[in-house]
Every structure is written in C-alpha cells, then in structure tokens.
Student: 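Below is a structure I'd like to ask you about.
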2 protein chains.
Amino acid sequence: MSVQERKARERAVRERLIVATARELAEQQGWDAVTTRRLAERIEYSQPVLYSHFRGKREIIGAVALEGAAEMAVAVRAATSAADGPRERVVALARAYLDFAERNPAVYDALFQLDGGLAYAQEDTPEPLKDAFAALLESLGEVAGDGVHPGLFTEVFWASLHGLATLTRAGRLLPEDAAQRVELLVDRLAVL
Amino acid sequence: MSVQERKARERAVRERLIVATARELAEQQGWDAVTTRRLAERIEYSQPVLYSHFRGKREIIGAVALEGAAEMAVAVRAATSAADGPRERVVALARAYLDFAERNPAVYDALFQLDGGLAYAQEDTPEPLKDAFAALLESLGEVAGDGVHPGLFTEVFWASLHGLATLTRAGRLLPEDAAQRVELLVDRLAVL
DNA sequence: TTGCTTGTCTAGCGATGCTAGGATTCGAGT
DNA sequence: ACTCGAATCCTAGCATCGCTAGACAAGCAA
C-alpha cells in the first residue's frame, strides 16, 4: 500500500507542477506560448506525460482557472473585510477585482476568456467558481437595493467589472481614467 | 490605363470576397475553423493569394471587424432614432447592442475579443471604430448626468454592455434573465 | 528469476500560418 | 504581329501546433 501511496503522492506533486508551470509560462509569454512541447520541456518530462494527467491543453487551462478562482475569492474577501461601510466595501471589491485581473492576466483569461472545459452557472459548476461568485455576492448583495434580486444585481455588477477589465487590457479603453470609471460605476450601481 | 483600372477593380472585388467569406465561415463554424487553407478553397484561389491582400490572418480578422463596426453603428443609430425620450433611447441602444453581439458573434469577437491588429482609443484608430463609439456617445451622452464627462460615461456603459454580452455568450451568465439585467443596468446607470 | 503491470519516451500524424521559387499569363513596345 | 518583361498565381515546403501509437524500460508480485 505504501508504495502506491507514494506514487500517488508523486503524481499529485507532478500535476501541481504542470499547472503551476503552465500558469507561469502563460503569465510570462501569454497563453499562445503555452504549447505542450514547451510545457513538457519545462517540467522535464515528455509530452505524453501531460496527457496522463489531463485530457489536453484545454483541461490544463481549466485547472489554472480553478486555481485562479480560489485566489480571486480570497483577494475579494480580504479586501472587503478590511473596509468599513457598504460603499467602501463595494469600492474595495471593485478595486480588488480589477487589480486581480490586471496582475494575473493569464489566469483571468483562463477564467473568463478561454475555454477551459468548465461548466459555469450550472449545478455541476466546480466549487471554486461558485465560491468566487459567492464572494462577490456577499458584499454586493447588501447594496442591490429594494426589490432587486441580489444574485441578479451581482451578475450585472460583475459583468460591468468584467467589461472594464477586458476592454482595458485589450487596449480598447485607456488605463488613465480607470479609477474614475470605477467611482462612477459604484456610485451609480450600488444603492447605499 | 483602363486595363489597370479593371485589374484594380477586380482586386478590390476579390478582397471583399475574402472578407465576406471569412466572416461567413466564422459565423458558421467559429473563427477556429477559418484557416487559410479553407478560406482559400472557398474563394477558389490558392493560399498565397490571401497574403497578397492581407499580411496574414490577423489582418483579415481586422477587416471583418471594421465591416462589423460600421454595421453596428448603423444598427445602434437606427434603434435610437426610432425611440422617443432619453430612457427609451438608452434601452433601445442597449438592446440593439446586445442583439448585434448575439446575432453576429463572430463579428463581435473580431471587434472586441480577437486581435485584428487594429488600434483602439488612439489617434490612428480607424474611422469605423471611432464612429461606432460616436454612435454610442450620441445617445448616452445625454444621460451621463451633471458633472460627468459624457465620454467617460459612455465608456462605462459600453463596458457594462460588453461584459453582459461576453459573459452571456461564454456561458458564464444564463440567458434567461438577460432582459432584467438590461433594465437594471439602464435604470441605475442612466440619469434621466 | 520470471512475468506482468505500470510508467515513460521516441517517433509520427494531420493540421496550422506563412513563404520561397517556379510557371503562366498577359499587356506594352517595336 | 511578335517578342519581351512584368505582374499574377500556384505548387511545394518549412516550422510548429495538439495529440497519439507503439516500443521500451523500470519495478513490483509470484
């Protein structure tokens, strides 16, 4: 038994290595640079090893996305719990979200732009994704306003943040006025 | 001279054919299916002909994007000019925008998701892109509210719509409540 | 020691974006 | 009318991609 356990442990370590390396490579040179060959070389194994852990590149992206979702939830909760009052909490949430997107563009892409083969907004949605949404809901629900479903409000607020994040990073919006846009968004959307 | 003119005309026709075919193929089977080989086969020319018109696949995407930007501007203006009152205009704009995104997913991707090699939010931004933004600004500027820069407001509103469009199409948001989200967004963001 | 499972690698397939270089066509000049 | 040269187009190929088959080696069980 002990032998099998050791092997399983080593396999798990290698799997984490694959995900971490893919993420690192993606953040350094973009997801296009994350080829199976380069990834295999970096972990010092041959290509087929990747396929003994994941069905393919898509699943690797999905694994990075899950990792990122958990981190984002932590970042959002840390920011909101350190803020006083509903408005400050919402501002902190928005900043934390956009900050995360800016600092981890590859992870953000894995989460919301690329196809990681994950189910969203469904029952079989992986727990980290649900929890990341829950982290948003916790602070946004209290400023949804009367008669507005908290979940719906959170979706709209989230979509707005997502729009700002993606358009800014894709060069469609200039980063200079980013702070002003956040202020405007919070002032208008949140009911205090 | 006449001969050269005829050739130039024929070249222009073929260039439009390339763009139209790429768009058609992308709408039918997604941009991944738009390979240079398939595209060349559909227009009944060899691959290198594509490269005598465009630097590469990226520029073809850019051409589709420009075409789409012009159409989107038309669609938005048609919707807003048929609506009475500021609020109705904004609602009409939002619906027209999301409708365009839903009905022309490949074109929308070319515009805002993919890299078409175009400059955005700069001086050398192609005219169709500027004009599409202007079309949004025309109706959104009047509901920006006092002391809020119309351009900034338009950017925020646009980003929100973009977020809704992309998250919905990527399966991150369920399409059922789409109408409610638009209502909420307009009610909160627009100052009437 | 022998046999078998498990793990890993080499080699290769079809497809991708893109390009070099040869062939063909066709108008211009005598 | 005929030749020459330039423009036009295609065949063939390169490097790279994601992914996989099949050979090989390592290591445990009998």
Side-chain angles (χ1 to χ4, degrees), chain A residues 1-19 21-23 25-26 28-65 106 109-110 114-118, chain B residues 1-19 21-23 25-26 28-65 106 109-110 114-118:
Chain A
M1 271 304 144
S2 155
V3 171
Q4 291 185 15
E5 282 175 10
R6 195 202 67 225
K7 290 202 173 183
R9 219 164 42 230
E10 288 172 353
R11 255 191 82 81
V13 166
R14 195 174 60 179
E15 187 158 316
R16 282 196 295 274
L17 175 64
I18 292 173
V19 176
T21 306
R23 174 176 177 169
L25 195 50
Q28 284 174 356
Q29 312 180 35
W31 276 107
D32 280 350
V34 183
T35 69
T36 55
R37 275 169 241 272
R38 246 191 293 261
L39 187 50
E41 195 190 8
R42 284 224 183 179
I43 65 168
E44 295 182 314
Y45 280 97
S46 68
Q47 278 181 282
V49 166
L50 300 175
Y51 293 87
S52 77
H53 289 272
F54 303 95
R55 280 179 187 281
K57 189 182 175 181
R58 162 195 287 205
E59 269 196 9
I60 297 178
I61 294 173
V64 172
D109 280 347
L114 302 175
D115 179 14
L118 302 175
Chain B
M1 272 304 145
S2 157
V3 171
Q4 291 186 15
E5 283 175 9
R6 196 203 67 227
K7 288 204 174 182
R9 219 164 40 230
E10 287 172 354
R11 253 190 84 81
V13 167
R14 194 173 63 180
E15 188 159 315
R16 280 197 294 274
L17 175 65
I18 292 173
V19 176
T21 305
R23 174 175 178 170
L25 195 50
Q28 284 173 356
Q29 311 180 36
W31 276 106
D32 279 350
V34 184
T35 69
T36 54
R37 276 169 240 273
R38 246 193 292 264
L39 187 50
E41 194 191 9
R42 284 226 183 177
I43 65 168
E44 295 181 313
Y45 281 95
S46 68
Q47 279 180 282
V49 165
L50 300 176
Y51 292 86
S52 77
H53 288 271
F54 303 95
R55 277 179 189 281
K57 189 181 174 181
R58 162 195 285 207
E59 269 197 8
I60 297 177
I61 295 174
V64 172
D109 281 346
L114 302 175
D115 179 15
L118 301 176

Student: Can you tell me how far CZ of A:Arg14 sits from CZ of A:Arg11, rounded to the nearest 0.5 angstrom?
Tutor: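 A:Arg11 CZ to A:Arg14 CZ: 6.0 Å, rounded to 0.5 Å.
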
Student: Between B:Thr21 and B:Leu17, which heavy-atom pair has the shortest distance, and what is it?
Tutor: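 That would be OG1-O, 2.6 Å.
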
Student: Tell me if the CD atom of A:Gln29 is crowded by more than 12 foreign heavy atoms within 6.0 Å.
Tutor: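 More than 12 within 6.0 Å, yes.
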
Student: Tell me the interatomic distance from A:Glu41, atom CD, to D:dG18, atom P, rounded to whole angstroms.
Tutor: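 For the pair A:Glu41 CD and D:dG18 P, the rounded distance is 14 Å.
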
Student: Quick one: B:Leu50 CG to D:dT8 P, roughly how many Å, whole number?
Tutor: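 The distance from CG of B:Leu50 to P of D:dT8 comes to 16 Å, rounded to the nearest Å.
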
Student: Applying side-chain contact (heavy atoms from CB on, under 4.5 Å), name anything that partners B:Ala110, two or more places apart in sequence or on another chain.
Tutor: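 For B:Ala110 the side-chain contact (heavy atoms from CB on, under 4.5 Å) partners, ignoring immediate neighbours, are B:Trp31, B:Ile61, B:Val64, B:Ala65.
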
Student: Under 3.5 Å, sequence neighbours excluded: what are the donor-acceptor pairs made by side chains of residues 43-50 of chain A?
Tutor:
from    : atom 1 : to      : atom 2 : distance (Å)
A:Gln47 : OE1    : A:Arg37 : NH1    : 3.3
A:Gln47 : NE2    : A:Thr36 : OG1    : 2.7

Student: Could you work out how much the helix from C:dT1-D:dA30 to C:dT30-D:dA1 bends, comparing the axis of its first five pairs with that of its last five, to 10°?
Tutor: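 End-to-end axis angle for the helix from C:dT1-D:dA30 to C:dT30-D:dA1: 20°, rounded to 10°.
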
Student: Expressed in angstrom and rounded to an integer, what is the separation of A:Asp32 atom CG from D:dG18 atom C1'?
Tutor: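 Atom CG in A:Asp32 sits about 13 Å away from atom C1' in D:dG18.
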
Student: Report the residues that fulfil side chain to side chain donor-acceptor pair (under 3.5 Å) with A:Glu15, sequence neighbours left out, ordered by chain and then residue number.
Tutor: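 Side chain to side chain donor-acceptor pair (under 3.5 Å) list for A:Glu15, sorted by chain: A:His53.
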
Student: Going 5' to 3' through nucleotides 18-24 of chain C, assign each nucleotide B (protein heavy atom under 4.0 Å from a base atom), S (under 4.0 Å only from sugar-phosphate atoms) or - (no protein heavy atom that close).
Tutor: BBB----

Student: For nucleotides 24-26 of chain D, list the nitrogen or oxygen atoms of the protein found under 3.5 Å from its nitrogen or oxygen atoms, one pair per line.
Tutor:
none

Student: Shorter than 3.5 Å, N or O on both sides, protein versus nucleotides 4-8 of chain C: list them out with atom names.
Tutor:
from  : atom 1 : to      : atom 2 : distance (Å)
C:dT8 : OP1    : A:Arg14 : NH1    : 2.9
C:dT8 : OP2    : A:Arg14 : NH1    : 3.1
C:dT8 : OP2    : A:Arg14 : NH2    : 2.9

Student: Quick one: A:Leu39 CG to D:dG18 P, roughly how many Å, whole number?
Tutor: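 Whole-Å distance recorded here is 9 Å.
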
Student: Of the non-hydrogen atoms in B:Ile18 and B:Leu39, which two are nearest, and what is the gap between them?
Tutor: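 Shortest heavy-atom separation between B:Ile18 and B:Leu39 comes out as O-CD1, 4.0 Å.
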
Student: Please list, chain by chain and in numerical order, all residues satisfying salt bridge (Lys or Arg N to Asp or Glu O under 4.0 Å) with A:Arg16, sequence neighbours excluded.
Tutor: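 Scan of A:Arg16 (salt bridge (Lys or Arg N to Asp or Glu O under 4.0 Å), adjacent residues dropped) gives none.
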
Student: If the condition is side chain to side chain donor-acceptor pair (under 3.5 Å), which residues does B:Arg42 pass it with, not counting sequence neighbours?
Tutor: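 B:Arg42: side chain to side chain donor-acceptor pair (under 3.5 Å) contacts with B:Gln28.
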
Student: Please list all pairs passing the salt bridge (charged side-chain N to carboxylate O under 4.0 Å, His left out) test where one or both residues lie in residues 50-64 of chain B, with sequence neighbours left out.
Tutor: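 Sorted pair list: B:Arg55-B:Glu59, B:Arg58-B:Asp115.
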
Student: Please report the closest heavy-atom contact between A:Phe54 and A:Ala63, naming both atoms and the distance.
Tutor: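 What the structure gives for the nearest pair is CE2-CB, 3.9 Å.
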
Student: Using every non-hydrogen atom in the two residues, find where B:Leu25 and B:Ala33 come nearest and quote the distance to one decimal.
Tutor: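 Between these two residues, the closest heavy atoms are CD2-O, 3.9 Å.
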
